[in-house]
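What follows is a set of notes on a single structure, which appears directly below.
Whatever order the structure lists them in is the order used to number ligands and atoms, beginning at 1. Quick caveat, the model's predicted, so the values are computed rather than measured.
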Amino acid sequence: MKVDVLLGLQWGDEGKGKIVDVLAPQYQVVARFQGGPNAGHTLEFDGFKHVLHQIPSGIFRSDIKNIIGNGLVLDPIVLKKEIEGLDKFNLPIHKNLFISKKAAVILPTHRLLDAAYEQSKGAAKIGSTLRGIGPTYQDKVARQGLRMGDILSPDFHTKYNRLVEQHKVILSFYNFDYETALPEAEKAFFEAAEFLKQYTFVDSEYLVNEALETGQSVLAEGAQGSLLDIDFGSYPFVTSSTTTTAGACTGLGIAPQRIGEVYGIFKAYCTRVGSGPFPTELLDEVGERMRQEGREFGSTTGRPRRCGWMDLPALKYAIMINGVTQLVMMKVDVLNIFEEIKVCTHYQLADSTLTDKFPYDLCDYEVTPVYKTFKGWATSLENLHTYDEVPVELAAYIEFLETELKLPISFISTGPDREAIIHREAQAV
Ligand code: GDP
Ligand code: IMO
Ligand code: MG
């Protein structure tokens, strides 16, 4: 058996949670492989809307194992709250949730360090979610972080104190007040760590590989997006993990030849939260209409998302890095309100040359997007379930994208609900 990977091709919030939920019945295991509580994955069904941060989006299907892989950075306080938030759904979480002992632990001081680093950057700040992601990965790579398995160890408090002493030195260097908030946060942290002991801590690499050996199908759920990847994103305005397909190998302990389908999720336009380059950003009334129509406000922080037209050079780049095999286009209904729809096909560089490649120095030099304009479909897409019912203008837009991207668009999402989806049989492109 192979592991299918589902991940975002833009700057996050593409709608990964919804599609994991839609595809989950085909799988026996859903596993997150990177990121942490910076993620906010929204699921909507039966009139409920629920946002998950660290728990995989298969948790609502009672016969699926949900694994939190070694590649994550986990905040025990957030995880406890998330589990408690699921109480009302009566899910068999004790049976279905598995936490890797190797996942890194976010300490309260990691969150404070995140804030201190951001503050010190002034106008050049990353726009981090301030969930402690960067500092926790820093400690992991520096070989001094805590791992979830440490919670079970008698040395947990000693290891914790050793690291926190170091953090305090750094926080003092930044003149960052930690004394006010820390005692309460530490209390919540140790309570949460104690609470989590009732759940199943595993060597998740064995769990995943044994599932594959026994013929179970596995879906790896990405967080953030490819353009936020630590290596390939718009550095330094990125997150601190490998958000691309390769991250599924290191974040779950699976070999590259085990990767099967790679579902690349993208919006019919673009959004970005936080700072950093965004070539097709619309700072005008069109962008504002997109934001309102798409309810583009962060699922984790509530911040307004920056909005803009579809960016093909960026999308082609993400497809290449990830080895995408099938595309999933989200939020097509948001474009119902526009008479004209634009797609950036190339960037014009400062010396007037055109490129469809993603420039290394995008953060330093502005590029001018070159657009192709499509006629809008200007009609509701509600209750459409087959591709034959799609308005001709939308079909023209989709077929243009498929030709440019050299991949089939297998799913078209037309609303937040689980049911608002058009599944096309495999198309030859
Ligand atoms: P994720 O982080 O990739 O899981 O995406 P988020 O949950 O952060 O953001 C996606 C938002 O779009 C959520 O509020 C979803 O409920 C919503 N959504 C998902 N698919 C669609 C769609 O096809 N149309 C509309 N209008 N909203 C959608
Ligand atoms: P999901 O999984 C959108 C962005 C932040 C910031 C940058 C670094 O819901 O798609 P970090 O807190 O990781 O240090 O922030 O990355 N960011 C996201 N943007 N969706 C996300 O997750 C994000 N996770 C981080 O806004 O610009
Ligand atoms: Mg999100």
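Taking the six-membered ring where the residue is Trp, Phe374 and Tyr397 present perpendicular rings, their angle passing 60° and hence far from 30°. Using cut-offs of 30° and 60° on the angle between ring planes, the pair Trp11 and Phe278 is tilted.
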List the atom pairs, donor and acceptor, that lie under 3.5 Å between side-chain atoms in residues 168-176 and the rest of the protein, sequence neighbours left out.
| from | atom 1 | to | atom 2 | distance (Å) |
| --- | --- | --- | --- | --- |
| Ser172 | OG | Lys168 | O | 2.8 |

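When each of Leu381, Val390, Ile409 is checked for a side chain to side chain contact (heavy atoms under 4.5 Å, CB included) with Ile422, only Val390 meets the rule. Across Arg305, Arg306, Arg272, a single residue satisfies side-chain hydrogen bond (donor to acceptor under 3.5 Å, both in side chains) together with Glu296, and that is Arg305.
For Phe45 and His50, the ring centers sit 6.0 Å or farther from each other.
Side chain to side chain, Asp177 and Thr180 meet the donor-acceptor criterion of an N or O pair below 3.5 Å. Side-chain contact, Gln119 with Lys125: no donor N or O sits under 3.5 Å from an acceptor N or O.
Taken from OG in Ser410 to CG in Leu23, the straight-line distance is 9.5 Å, to the nearest 0.5 Å. Between the CD1 atom of Ile321 and the OG1 atom of Thr243 there is a distance of 10.0 Å, given to the nearest 0.5 Å.
Judged by the 6.0 Å distance and 45° axis criteria, Lys372 is positioned over the aromatic ring of Phe400.
Around ligand 1, the residues contributing at least one heavy atom under 4.0 Å from the ligand are Asp13, Glu14, Gly15, Lys16, Gly17, Lys18, Gly40, His41, Thr42, Glu44, Ser299, Arg305, Met330, Lys331, Asp333, Val334, Ser413, Thr414, Gly415, Pro416.
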Start with the C-alpha distance between Phe189 and Val105, add both sets of side-chain angles, then the distance that settles side chain to side chain contact (heavy atoms under 4.5 Å, CB included), and finish with yes or no. CA-CA 10 Å; Phe189 175 81; Val105 184; 3.8 Å; yes

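Around the Mg ion (ligand 3), the protein atoms of type N, O or S found under 2.8 Å away are Asp13 OD1, Gly40 O, listed by chain and number.
More than 12 heavy atoms of other residues, nucleotides or ligands lie within 6.0 Å of CZ in Arg303, so this atom counts as buried by the packing criterion.
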Provide, line by line, the atom pairs where ligand 2 and the protein bring an N/O atom each to a distance under 3.5 Å; else say none.
| from | atom 1 | to | atom 2 | distance (Å) |
| --- | --- | --- | --- | --- |
| ligand 2 | 2 (O) | His41 | NE2 | 2.7 |
| ligand 2 | 2 (O) | Gln224 | N | 2.8 |
| ligand 2 | 9 (O) | Asp13 | OD1 | 3.0 |
| ligand 2 | 9 (O) | Gly40 | N | 2.9 |
| ligand 2 | 9 (O) | Gly40 | O | 3.1 |
| ligand 2 | 10 (O) | Asp13 | N | 2.7 |
| ligand 2 | 10 (O) | Asp13 | OD1 | 3.4 |
| ligand 2 | 10 (O) | Lys16 | NZ | 2.7 |
| ligand 2 | 12 (O) | Ser128 | OG | 3.4 |
| ligand 2 | 12 (O) | Thr129 | N | 2.9 |
| ligand 2 | 12 (O) | Thr129 | OG1 | 2.6 |
| ligand 2 | 13 (O) | Asn38 | ND2 | 2.9 |
| ligand 2 | 13 (O) | Thr239 | OG1 | 2.6 |
| ligand 2 | 20 (N) | Asp13 | OD1 | 3.1 |
| ligand 2 | 20 (N) | Asp13 | OD2 | 3.4 |
| ligand 2 | 22 (O) | Gln224 | NE2 | 3.4 |
| ligand 2 | 24 (N) | Gln224 | NE2 | 3.2 |
| ligand 2 | 26 (O) | Gly127 | O | 3.4 |
| ligand 2 | 26 (O) | Val273 | O | 3.2 |
| ligand 2 | 26 (O) | Arg303 | NH2 | 2.9 |
| ligand 2 | 27 (O) | Val273 | O | 3.0 |

